[in-house]
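One structure below.
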Amino acid sequence: MKREYPMFSRFKSLFEIRCIILFLVLPGVLVFPEASRAGVKNVIIIVADGMGFQQVALLNAYAKYAPNSIYRARGRKTALEAMTEAGVAGFVYHEAADVLVTDSAASATQFSSGKWAGSEMLGVDKDGNPTVTILERAEQLGKSTGLVSDTRITHATPAAFAAHQPHRSMENEIAVDMLNNDVDVMLGGGLRYWIPRSANDRKSEIHRELTKRTQGKVKITSKRKDGRNLLQEAESKGYKTVFTKEQLAGAQGNKVLGLFSPSGMPDGIWQTLNEKSPGRTVPNLKEMTAKAIEVLSKNDKGFFLMVEAGQIDWAGHANDAGTMLHELIQFDETLNYVLSWARSRNDTLLIVTADHETGGFGFSYSRANVPEARDFPGDRFKGRKFKPSFNFGNHGILDKIYKQKLSYGRILSRFYQLPKARQTPAAMAEIINANTEFPITEEEGARILKVERNKYYAKGNKYLDQDVFPKIDDFDAFYVYGDNIRTDLIARVVAAQQNVVWSTGTHTNALVPIIAYGPEDVTSWFSRMSHTTEWGQYAMDVLTK
Ligand code: MG
Ligand code: ZN
């Protein structure tokens, strides 16, 4: 931003001018490495999909109270907490147009464009007209742009910044939109929408070529209905295409397309357990984000970047507290990196928020396993013990939740890998007991298996047959995704042991947090209750005005 300051013409000597400049600029330099009136050059939005305040409470309780908390061991607080101290926080409501609840597509459309959107619609306003997104406005200004997600890069949250389609499920069309949009850096999962249909033939040339290029680390499977090879198209537009952590690290140039998984990337538990493993070829969210910032920050005009921690939501749909905790930690590690990058400068607005809450999660007290009476040192307990009426949950539960070894989704996959005849309640209990700290009985295994397994039957915009939905005891209608019905039943079986309850298999309209860090004159706005359309519009104004 260049401004004329006619007042300087009044000072004749160079020395005087130097003194004035020092006087004006020095205090700013002491507070910020760059002049405080330089304006906002970069906007980074981190979307923790499905992270309502209750999910924040899980991360916070784990960090502060788990006897073996990794945060306590490292002597630090969560990055999220540090950001609330360094920045400005507010509340966000997020319902889609004309309804009470939102999905991720409408919510992301609303904050990417500032326009109201219909649920499941992507990058279009409530009437169905294409929106103009903050990413597109950044492009018009010559800024670099990036999208990072640990789900598929064509999934609702990232796609809402760079695609315009009537329904979020149209990921083949979304991939084309995103490529046409010329987003400089795209990193995530979802290779299957970028490679030609012929790649499904294991004997085809393209299958062999892709197997080689992905070093056999990414399953080659296509969901495309046509022969378009979007990787090749991307390369001809100047993208470097990468498929492993090492290829990502070595990628040069200003445009990078990284697809590290056929669909979603590995879950948070996997990422935690494999973080230090030398054989890991899949990057984690922090590594993808660091690379994106490295590439985008080369542009002197600045950049826009959206990073999605997208599987907090998936764990919420599965009602899987252990996986959700690890997703939150993956998110927080990423935030820790970005926050310290943003702190080293004063030209960046960093926004952290969620698109909605998933699962209606919460710790809760119960009448199960009520603790024994015990002594307390205070005067009022001289000569008498205190006997709680209820079980308010002990801190040890947090360590046990952290110690889960497999997500509920992968527990079920392991079960289905057994020969049909061995898919028994006892086998279900055995797999759960080997991979979680909350043992269940064979009888409880039977409760999980009492509902039929479902295929994932979403096809196009419609669920094919409502009758295939199994009946569970209550709230049936809120369990809408195939196999989640069984993961949700695992959650119910272990609920009393975890002191954890869930109210739904979908989303709630619970308010979500928003935290902004950056120049104070820009961030002070966020101290309010805003709708996704409002803060989205504000972020766009900050970047483009
Ligand atoms: Mg999402
Ligand atoms: Zn969701």
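Just follow the structure's listing: the first ligand is 1, and inside any ligand the first atom is 1.
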**Message:** Between Phe260 and Phe243 (judged by ring centroids, cut-off 6.0 Å), do the two rings come close enough to count as a pair?
**Reply:** no
**Message:** Are His531 and Trp116 an aromatic pair, judged by ring center distance below 6.0 Å?
**Reply:** yes
**Message:** On the six-membered ring of Tyr239, is Lys255 placed so that its NZ or CZ lies under 6.0 angstrom from the centre and within 45° of the ring axis?
**Reply:** yes
**Metal-centred angle, the Zn ion (ligand 2) as apex - NE2 of His317, OD1 of Asp313, 10° resolution** = 90°
**Message:** Among the N/O/S atoms of His507, which is closest to the Zn ion (ligand 2)? Give the atom name.
**Reply:** NE2
**Message:** Would you say the ring centers of Trp535 and Phe111 fall short of 6.0 Å from each other?
**Reply:** yes
**Request:** State, without any angle test, whether Thr348 and Asn42 hold a side-chain donor-acceptor pair at a distance under 3.5 Å.
**Result:** yes
**Request:** Assess the side chains of Thr272 and His326: does a donor N or O sit below 3.5 Å from an acceptor N or O?
**Result:** yes
**Message:** Could you check whether atom CZ of Phe478 has more than 12 heavy atoms from other residues, nucleotides or ligands sitting under 6.0 Å from it?
**Reply:** no
**Complete:** Counting only protein N, O or S atoms (no waters) closer than 2.8 Å to the Mg ion (ligand 1) gives 3
